[in-house]
Amino acid sequence: MRRADIKDEPATYERLVYKNTSVYHYMRISLVLENENTRLSAAQLKQLIVSGLRDLYGEVGSAFPFDLLKFDARALTGVLRVYNSGLVKLWSALTLLGSYQNERCSFRVTQVSPFLLTLSGNSRELELELD
Amino acid sequence: MAVFMDLNITYTTDKKRLRSVIETAAHLGYSTVAINYVVDLQQKKQEIGKPKCVLELFDTFPIVQGKSRPIKVLNRLTVVASDPSHFRPNAEYKAYDLVAVYPKTEKLFHAACMTFDVDIICVAVTEKQPFFFKRSPVNGAIERGVFFEISYTPAIRDSTMRRYTIANAISLTETCKGKNLIVTSGAERPLELRGPYDIANLGLLFGLSEEDGKAAISTNCRAVHLHGETRKTALGIVHTMKKDQPLTERQEEEHVPASKRAKLETVDS
């Protein structure tokens with residue numbers, strides 16, 4: 001579909017190549033539980049993710065390193081670090097995780113980036129001040 | 001960029017729950033959702049009723065995250081067909097924005113792909129596919145602009161269902177090569193919904209490429225929606241959009257800020 005008012009001009013591209021690509025991807029995640037009063041520690045969260053990975057990929061498929069860098073137990077949000085090769089596996093395991101101790105739960109992946117600095121802010125949560 | 005859609009939110013009579021599912025969908029960034037009414041004609045005394053008016057659900061529709069526009073809610077009918085007599089297009093179907101069919105046998109699958117006037121063909125995700133996807137009906141469906149649907153909620157609920165979902169999805173993508181596929185939730189509860197980018201990533205598990213995975217929740221869903229509209233009207237639909245008046249030369253000059261104009265002149269001289 002082409003809009004009439006957009007002229008046919010050759011598009012200009014700029015090719016950006018990262019010379020030193022990061023070996024890691026970072027993900028900001030938050031866990032939503034059915035019962036809001038349930039508390040869990042960082043170790044329990046990691047345990048939950050590992051069990052989700054094992055359910056989906058088995059012992060061999062789930063044996064790749066990833067770390068929970070930061071965890072806020074009150075808001076149930078955290079930052080994960082994973083090697084690029086494990087990103088798809090980890091992400092899909094998080095997507096298909098549906099219960100924690102017989103209670104429904106859901107992981108919301110808010111941000112994924114190869115740069116940790118990106119996770120310092122979220123443009124979707126910015127509020128514009130209009131006067 | 002195409003907007004994200006989730007064309008399968010299971011209808012429940014519990015209005016509060018339905019409302020919270022749609023609110024969650026808006027928060028996750030879905031711009032359009034469809035409420036799915038399932039009719040299984042094998043069970044007796046099943047009737048295709050009129051869908052509930054979506055305006056009854058909300059006074060003001062929730063705002064989609066990152067779009068500052070309210071969410072769009074459609075009605076969708078899914079006919080579970082195990083006998084050719086089950087699918088009879090009649091006036092009741094016209095009340096729905098989308099019509100889907102869930103064929104139980106190979107014969108019906110063939111008929112659904114080649115002749116049925118539907119928008120979506122559902123693929124089994126809660127049981128092992130009882131038949132093999134043949135290339136000719138699948139290609140026929142692709143040519144007619146009918147889409148195949150895989151829903152992911154059963155995969156979240158149960159690990160056996162997960163195996164069936166992934167196995168059936170892979171056997172379908174082998175045949176259709178990732179084309180004409182949509183991924184939907186089929187959620188009954190807010191916690192069964194997942195974000196659009198999570199689903200695009202999940203598409204990689206189903207044997208889709210990254211591009212096809214994203215198309216499965218955005219552009220393909222848009223095509224389904226438009227296909228549904230063509231079924232409602234006579235033959236086709238025309239989209240119009242407002243065109244800006246081209247600027248006259250004088251106006252253009254005025255549009256250039258003073259600082260720039262001065263620069264141009266110095267370059268010229």
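Order of the sequence lines fixes the chain letters, A, B, ..., with proteins taken first and strands second; residue numbering starts at 1 for each chain. These numbers come from a predicted model, not from an experiment.
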Completion exercise
One option among B:I166, B:T153, B:L28 has the most heavy-atom pairs under 4.5 Å with chain A, and it is B:L28

So for atom [atom1], which belongs to [X], do other residues, nucleotides or ligands contribute more than 12 heavy atoms lying within a distance under 6.0 Å?
X	atom1	value
A:K46	NZ	yes
A:F115	CZ	yes
B:H225	NE2	yes
B:R69	CZ	no
B:E143	CD	no
A:Q44	CD	yes

Handout entry: Interatomic spacing from CD1 in B:I156 to CZ in A:R104 - rounded to 0.5 Å
Key = 10.5 Å

Handout entry: Reported CG-to-CG distance for the pair A:L94 and B:D198, which is rounded to 0.5 angstrom
Key = 8.0 Å

Exercise for the section: With a 4.5 angstrom heavy-atom cut-off, could you sort out which part of A:S99 is near chain B: side chain, backbone, both or neither? Expected result: neither

What part of [X] gets within 4.5 angstrom of chain A, counting heavy atoms only: side chain, backbone, both, or neither?
X	value
B:R189	side chain
B:R194	both
B:T165	neither

Handout entry: Shortest non-hydrogen separation from B:R162 to A:L96 and the atoms involved
Key = NH2-O, 2.8 Å

Exercise for the section: Find out whether A:L56 and B:L205 are in side-chain contact, i.e. whether some heavy atom of one side chain is under 4.5 Å from a heavy atom of the other. Expected result: yes

Handout entry: Min side-chain heavy-atom separation B:L191-A:E103 under 4.5 Å
Key = no

Practice task
Pick whichever of A:V88, A:V32, A:L87, A:V109 has the most heavy-atom pairs under 4.5 Å with chain B.
Solution key: A:V88

Exercise for the section: Would you sort out whether B:N201 and A:S92 count as a side chain to side chain contact (heavy atoms under 4.5 Å, CB included), showing the intermediate values? Expected result: CA-CA 7 Å; B:N201 179 70; A:S92 51; 3.8 Å; yes

